[in-house]
Amino acid sequence: MEKESHEVLLAQIKDLQKRVAAFASVEQQLINVKDRLDSENLLYKRMHAFNARAFEEMTDQAFLDLIAESIIDVFEVETGCVLIGYPQHAQPHAVAVEGGQDSVTDSKVLWHKLFAFCKTGLPGAILQASPEQAASLQPAADFSQLMLVWYNDAFTGMVIKLLGGVSNKHKLNYNPFDAQKLNAFGVFTQHVLAHFVNRKKTRSIFLAQQKLSHIAESFLQFGPDPLQNIQYLVNESCKLLGAGFGFYHSNRQQSFVVAEAPCMQPELILGLEQMVEITRCIKEQSEVQGYFTGSFQYPIGHPIDAFTVLGRKVQLGNYTFGEFCICFPGKIALTEENIHFFGIVAGAIAVEKRRFLANLAQIESEQRYRVIFEGTPHGIMLLNAQTGNIAYFNPAISKLFQIEVTQANAVHIEQLHDAFLAGNILQQLQEQQQTAFVIGKEIACTRKDGTVFFADITAQKIILGNQTLFACFYVDVTERKEAEIELQESNNELKKINAELDSFVYSVSHDLRAPLMAMKGLMSLFDTEVLEYGENKEYWGLMTESIARMDETIREILDYSRNTRTELKLEPIGMRKLIQDTYQDVQFAVIEPIAFTTDIHETQPFISDKVRISTVVRNIVSNAVKYRRIGAPDNAVHISFNVLPNGFAQLVVADKGEGIAADKLDKVFDMFYRASTSSAGTGLGLYICKEIAQKIGGTIHLTSEKGKGTTVTLMFYNHINTPHHELLLN
């Protein structure tokens, strides 16, 4: 009898040892999960630090160096490289390499091989090179591990390539690349691309502002000699647009005014024969769109093969004074901004040419009046600073403010600006001692229909007879201001995303760590105490609850990630079966009975994303079960679904649960917000439902009353009329 008891005891000891070993394995797995989360948290903090530095002002090379340095810091690799190039160029435009310099011996050979390597993948896809592929980069680079991503940016026209690698020499000092690091590398590349676009937009806005401001100031700095002014405009147009050569041809004098910019190179200057040919093309081909563009060949033996021409007639009304042209070395694509600026300069040349052609003082005065005020594309008005009355305004002012030119003498400045701004402008004009000055930047102006635009306003004091007037120049900068606002909004959105990312990582880490710590504490009891069977069962139950909580958190994170990262997959959905399957999943989640009733009307097919619809239904119905009134005999859930004739489908889930207090209703769709503590949860469920509804084209609305229940109403867009619906139905 004693021997049998001894054998039973030994068997129990062996069984206990097996359990301890199993618990140790689970503990190690949980430690690995914690380490992975800590690593991910650190990685995204470093990425956030890169974004913060990327907003600082710096040169292009400094920005490239920052990217290369950040690849090393964020992803813990030996070498970080960044390449900026253009598809039409064989050589990269700019390269930055940081860390592991001894593993990269020849940048030109390396980048040529990377170009060929990238062609095997798709833009935006993360390429993790195999050892054989990494070896193919020899002898330019000795990589053991390599991850590479490239993008073609439509806005800037650039090819952007990022590389992170570890050399064979130091491979033992670095961890192998995993899926987490590769995914994070793709996110980092998206951030880099966004910063490049923002820098490009900022620079474009700044350059456009500089050009417009410069040409506006030029109008105020013209001397008395119109020919000198024309020479100045030709020079400035070449300098501001980066052209290699420019000229103005006068029809009446049959002469050329050639650019004399300091940056002119002798090999870029055209001969008389080429300029005559260009003027002929401008006369014949610029009638339709107002300007002429073309590509011309240089003479044989010239250092440059070809050049691109932008030209137009210089005219006011129906009168043509000549032709204006600028030339760019090589074949390039001209932007609308350059063409618009070129038209402004051509208008200014027309003004000066009109002055030059005036022979009599009276005719010269009248013609100068018209060309200055009517020829420029910017708004100009003559204003009496004492009365606030406008003596005259040009067609550009008429177009800007939507007023007739014939109303000039009847218009007061308060009709163009609000009373405060109008008073401020008049006060500046009366007190200003300088002849030419700036009234203000981005001044609000009101059109006749009540809409508002913004303009930079400068003024020039002039004397007409015995009357002192002010010529006020209006440069419409509404588009520039809107672009600046859009850029600021983009920056704010990036900052918001970074803040939400930090909050998300922190909350998720907390929600996963809490059940892990609870399980760790429970398992320590098994190591230190001999527990009775009842206690054993109780602790197992607590551990099971912790695992369930962690599983729910992970599932909701996956739902959130899947919704944000995957495209819509449209297919016909049988809502009756989907709702029944959901009911089968949740009916045994609680002990007390809950009555489920449905009212399903599928009068026509309902097409949407089945996975997302299923996630929404599961979350809403699960909430109805979780937050029931414990012990209440009338717990019930009613689900109704209707396909509406207006292109939408309506889903309503109503329960008789504990309800939500009125002061908490406006927060229930916030991330990680929990309106009740009666059941464990992450606070992500309703937030995910809202995000999914927006993703698939719908809305979600919740009404509730404390102690009486909650009703959730969802409207989904029915993709029955999409071009592919017949294929989907078949």
Output the distance between atom [atom1] ([X]) and atom [atom2] ([Y]), rounded to the nearest 0.5 Å.
{"X": "E323", "Y": "F256", "atom1": "CD", "atom2": "CZ", "result": "8.5 Å"}
{"X": "I344", "Y": "F342", "atom1": "CD1", "atom2": "CZ", "result": "12.0 Å"}
{"X": "L233", "Y": "E236", "atom1": "CG", "atom2": "CD", "result": "8.0 Å"}
{"X": "I380", "Y": "Q460", "atom1": "CD1", "atom2": "CD", "result": "10.5 Å"}
{"X": "N389", "Y": "I413", "atom1": "CG", "atom2": "CD1", "result": "10.0 Å"}
{"X": "I462", "Y": "Q467", "atom1": "CD1", "atom2": "CD", "result": "9.0 Å"}

With sequence neighbours excluded, residues passing side-chain contact (heavy atoms from CB on, under 4.5 Å) with [X]:
{"X": "I278", "value": "F247, L270, I282, F296, F307, V309, C325, C327"}
{"X": "E56", "value": "R53, M58"}
{"X": "Q386", "value": "N384, Q430"}
{"X": "Q427", "value": "E431"}

Flag side-chain contact, heavy atom, 4.5 Å: [X] against [Y]:
{"X": "N491", "Y": "F55", "result": "yes"}
{"X": "D65", "Y": "V82", "result": "no"}
{"X": "L382", "Y": "I390", "result": "no"}
{"X": "M381", "Y": "V411", "result": "no"}
{"X": "L429", "Y": "L383", "result": "yes"}
{"X": "I403", "Y": "L416", "result": "yes"}
{"X": "N251", "Y": "K283", "result": "yes"}
{"X": "F453", "Y": "L400", "result": "yes"}

The criterion is side chain to side chain donor-acceptor pair (under 3.5 Å); which residues satisfy it with [X], sequence neighbours excluded?
{"X": "T478", "value": "D476"}
{"X": "D225", "value": "none"}
{"X": "T435", "value": "none"}
{"X": "K690", "value": "none"}

Check [X] against [Y] and note the closest heavy-atom contact, atom names and distance.
{"X": "N198", "Y": "S490", "answer": "OD1-CB, 4.3 Å"}
{"X": "G244", "Y": "P329", "answer": "N-CD, 4.0 Å"}
{"X": "A243", "Y": "I326", "answer": "CB-CB, 4.1 Å"}
{"X": "Y474", "Y": "C445", "answer": "CE2-SG, 3.9 Å"}
{"X": "H412", "Y": "T387", "answer": "NE2-O, 3.0 Å"}
{"X": "I457", "Y": "C472", "answer": "CG2-CB, 4.4 Å"}

**Study point:** Worked check of ring pair (Phe, Tyr, Trp, His ring centres under 6.0 Å) between F245 and F328
**Key:** CA-CA 7 Å; F245 180 76; F328 303 85; over 10 Å; no
**Study point:** Residues in ring-ring contact (aromatic ring centres under 6.0 Å, His included) contact with F648, at least two apart in sequence or another chain
**Key:**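 If we apply the ring-ring contact (aromatic ring centres under 6.0 Å, His included) test to F648, skipping adjacent residues, the hits are Y717.
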Review point. F188: what forms a ring-ring contact (aromatic ring centres under 6.0 Å, His included) with it, not counting sequence neighbours?
Key: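 So F188 forms a ring-ring contact (aromatic ring centres under 6.0 Å, His included) with F50, F75.
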Check your understanding: Taking the six-membered ring for Trp, is the centroid-to-centroid distance between Y248 and F321 below 6.0 Å?
Key -> no
**Study point:** Stepwise side chain to side chain contact (heavy atoms under 4.5 Å, CB included) test for L714 and F716
**Key:** CA-CA 6 Å; L714 297 110; F716 300 120; 3.7 Å; yes
Review point. Passes side-chain hydrogen bond (donor to acceptor under 3.5 Å, both in side chains), N51 versus H195? Steps please.
Key: CA-CA 8 Å; N51 284 327; H195 286 299; 2.9 Å; yes
Polar side-chain atom of [X] near backbone of [Y] as donor-acceptor pair, under 3.5 Å:
{"X": "Q428", "Y": "I425", "answer": "no"}
{"X": "H249", "Y": "F324", "answer": "no"}
{"X": "T293", "Y": "L310", "answer": "no"}
{"X": "T451", "Y": "R447", "answer": "no"}

Exercise for review: State which residue, out of Q488, E489, K495, fulfils the side-chain hydrogen bond (donor to acceptor under 3.5 Å, both in side chains) condition with N492.
Suggested key: Q488
Exercise for review: Assess whether atom CD of E273 is packed by more than 12 heavy atoms of other residues, nucleotides or ligands within 6.0 Å.
Suggested key: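 Not more than 12 within 6.0 Å, no.
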Exercise for review: Inspect the surroundings of CD in Q694 and state if more than 12 heavy atoms from other residues, nucleotides or ligands are less than 6.0 Å away.
Suggested key: yes
Exercise for review: Show the numbers, then the answer: is there a side-chain hydrogen bond (donor to acceptor under 3.5 Å, both in side chains) between S250 and K353?
Suggested key: CA-CA 9 Å; S250 171; K353 188 61 180 179; 3.1 Å; yes
Point to revise | salt bridge (charged side-chain N to carboxylate O under 4.0 Å, His left out) against D418, all qualifying residues, sequence neighbours excluded | key: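 Scan of D418 (salt bridge (charged side-chain N to carboxylate O under 4.0 Å, His left out), adjacent residues dropped) gives none.
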**Study point:** E442: salt bridge (charged side-chain N to carboxylate O under 4.0 Å, His left out) partners, not counting sequence neighbours
**Key:**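 Listed in chain order: R480, K481.
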Point to revise | Intermediate values then yes/no, ring pair (Phe, Tyr, Trp, His ring centres under 6.0 Å), F393 and F401 | key: CA-CA 11 Å; F393 54 80; F401 288 96; 8.3 Å; no
Practice item. Verify ring pair (Phe, Tyr, Trp, His ring centres under 6.0 Å) between F473 and H378, making sure each step is shown before the conclusion. Key: CA-CA 7 Å; F473 299 82; H378 294 302; 9.2 Å; no
**Study point:** Derivation and outcome, side chain to side chain contact (heavy atoms under 4.5 Å, CB included), residues V477 and V475
**Key:** CA-CA 6 Å; V477 296; V475 179; 4.3 Å; yes
